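Take a look at the structure set out below.
None of the values given here were measured: they were computed from a predicted structure. Here is how names work: the chains are called A, B, and so on, in the same order as the sequence lines, proteins then strands, and each is numbered from 1.
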Protein chains: 2
Amino acid sequence: MRGDPTGRGPRPPSLATVERLPVYQRVLSELLGSGTSTVSSEHLAAAAGVGAAVVRKDLSLFGSFGTRGMGYDVSLLIGELDRRLGGDRDWPLIVVGIGNLGTALVNSEGFRSRGFRVAALFDAAPDVVGTTVAGVQVRHFDELEATVAGTAACIGVVATPPSVAQAVAERLVAVGVRSLLNFAPRVLQLGPGVRVRQVDLSTELQVMSFYELRDEASQL
Amino acid sequence: MRGDPTGRGPRPPSLATVERLPVYQRVLSELLGSGTSTVSSEHLAAAAGVGAAVVRKDLSLFGSFGTRGMGYDVSLLIGELDRRLGGDRDWPLIVVGIGNLGTALVNSEGFRSRGFRVAALFDAAPDVVGTTVAGVQVRHFDELEATVAGTAACIGVVATPPSVAQAVAERLVAVGVRSLLNFAPRVLQLGPGVRVRQVDLSTELQVMSFYELRDEASQL
DNA sequence: TATTGTGAACCTCTTCACAGCT
DNA sequence: AGCTGTGAAGAGGTTCACAATA
């Protein structure tokens with residue numbers, strides 16, 4: 001049951017909007033750091049690389065945080081965004097695949113800020129299991145179920161070779177993970193209740209080469 | 001001058017379409033490896049995680065590669081996609097910032113396939129400059145201009161701390177780079193002729209926590 | 001019969017323009 | 001006067017439905 005069975009409520013924010021919120025938050029934090037206490041939608045938009053109307057529409061979906069004639073209070077807005085994005089919570093991460101990329105991810109700032117916390121690391125290679133990365137000991141993937149059993153809902157990060165990504169994802173889902181960040185170049189086939197975000201280096205590069213080719217062709 | 005000053009030509013493929021092409025290509029390669037020579041839009045769509053109509057629309061933008069009643073020839077389609085994505089070309093990459101993430105990227109399979117080739121590595125830290133990563137020696141970023149001078153148009157990869165990402169991007173653009181893949185959590189402000197694709201780990205995680213929160217709220 | 005290729009309807013996001021507030 | 005919040009218009013992408021075709 002949803003809380004809004006009549007369909008009269010406000011539309012949920014689009015994925016595009018949700019993806020912009022962290023950008024606003026980051027820009028606002030920098031503004032706060034440089035002593036700015038108020039910002040207009042135009043200024044915030046320029047810093048975030050979008051249009052001013054987009055900023056106002058995005059923010060208005062969550063409430064009226066601005067003051068007409070003045071703009072938005074930076075601290076207030078950071079707080080509101082932080083709350084919507086879950087920044088005031090603890091978000092345990094389970095990372096599977098502690099190779100070059102997995103290690104880099106675990107050590108990255110993005111994985112250690114805003115409430116995210118590396119809760120457990122798994123791999124299958126004997127020479128990796130038992131080592132410590134960023135203060136967390138790597139366990140064998142076979143211990144997944146035993147280790148995660150009593151843990152709260154987690155976000156799973158798949159940084160394995162593509163050949164095992166599907167199986168790893170299925171086992172993560174089986175232990176209760178409903179949000180997966182997948183770095184393996186493989187489309188994960190999972191139930192409808194599971195959210196997957198795909199980060200694919202090869203795809204990123206291929207999109208770029210597509211447009212490079214196109215530019216060349218148009219300059220003939 | 002464009003090749004189509006009348007505006008009568010077919011619409012260019014949308015970014016969404018371009019981002020799906022590498023996925024199709026990867027799925028098709030796997031199909032070819034498993035001995036499949038023909039595939040329907042329905043089957044290809046299921047494997048790529050999209051709808052069948054999307055596949056047909058996407059592919060039809062580039063030509064009529066299918067056979068009615070039969071489907072698509074896998075080899076033919078791989079070849080066509082490869083050509084459109086520039087897979088038959090050499091794409092030199094310039095990677096700046098050889099920390100944990102930069103090293104992982106350079107060693108990743110995505111950076112060494114499909115015509116992409118790590119051409120030069122740069123960093124500013126004295127203990128990194130001079131080391132060899134994946135067979136390429138890391139140079140000091142000050143040598144960028146001298147090193148890249150005569151090189152063909154490249155794709156630039158920014159894997160630096162966010163504080164220097166903007167300056168690094170500007171210098172890359174100054175030496176002729178028009179496509180940038182940015183891993184630094186910073187909005188790059190560059191001229192309109194420069195393409196930027198942003199990969200932001202922190203944003204990915206925050207998008208996930210947003211939806212996790214939303215799920216919790218709807219289950220009250 | 002099976003499946004593609006595609007115009008049209010549909011839906012979603014963006015942009016515009018301005019009323020409303022400070 | 002300046003800026004937000006928002007309905008309406010516009011643009012773009014997806015889904016539908018089916019004619020075309022092997």
Interatomic distance where CZ belongs to A/Phe65 and C1' belongs to D/dT6 [whole Å]: 16 Å
d(CZ, B/Phe62; C1', C/dT4) in whole Å: 17 Å
D/dA22 phosphate, OP1 or OP2, under 4.0 Å from B/Thr67 side-chain N/O: no
Main-chain N/O of B/Ala184 paired with B/Gln198 side-chain donor or acceptor, under 3.5 Å: yes
Contact under 4.0 Å: B/Arg20 side-chain N or O vs D/dT14 OP1/OP2: yes
Any N/O donor-acceptor pair, A/Lys57 side-chain to C/dT15 base, under 3.5 Å: yes
Nearest-angstrom distance from the residue atom CG of B/Leu59 to P of C/dT3: 16 Å
From CZ (B/Arg197) to CG (A/Leu205), nearest 0.5 Å: 9.5 Å
More than 12 heavy atoms of other groups within 6.0 Å of B/Glu42 CD: no
N or O in side chain of A/Ser41 less than 4.0 angstrom from D/dT4 OP1/OP2: yes
Separation of atom CD in B/Glu42 from atom C1' in C/dT1, rounded to whole Å: 15 Å
Donor/acceptor link under 3.5 angstrom from A/Arg56 side chain onto base of D/dG5: yes
Side-chain-base donor-acceptor pair under 3.5 Å for A/Arg68 and C/dT22: no
Under-4.0 Å side-chain N/O to phosphate OP1/OP2 contact, A/Tyr72 with D/dG5: yes
Length of the line joining B/Asp58:CG and D/dT14:P, which is rounded to integer Å: 7 Å
Sugar-phosphate only, base, or nothing, as touched by B/Gly51 at under 4.0 Å among non-hydrogen atoms: nothing
Student check: side-chain heavy atoms of B/Arg171 and B/Val96 closer than 4.5 Å: no
Spacing of A/Leu21 atom CG relative to C/dC13 atom C1', expressed in whole Å: 15 Å
Rounded distance in Å - CG (A/Leu61) to P (D/dT4): 16 Å
First encountered from the 5' end of DNA chain C, between A/Met70 and A/Pro12: A/Pro12
Spacing of B/Leu44 atom CG relative to C/dT4 atom C1', expressed in whole Å: 13 Å
A/Glu30 and A/Arg26 ion-paired at < 4.0 Å: no
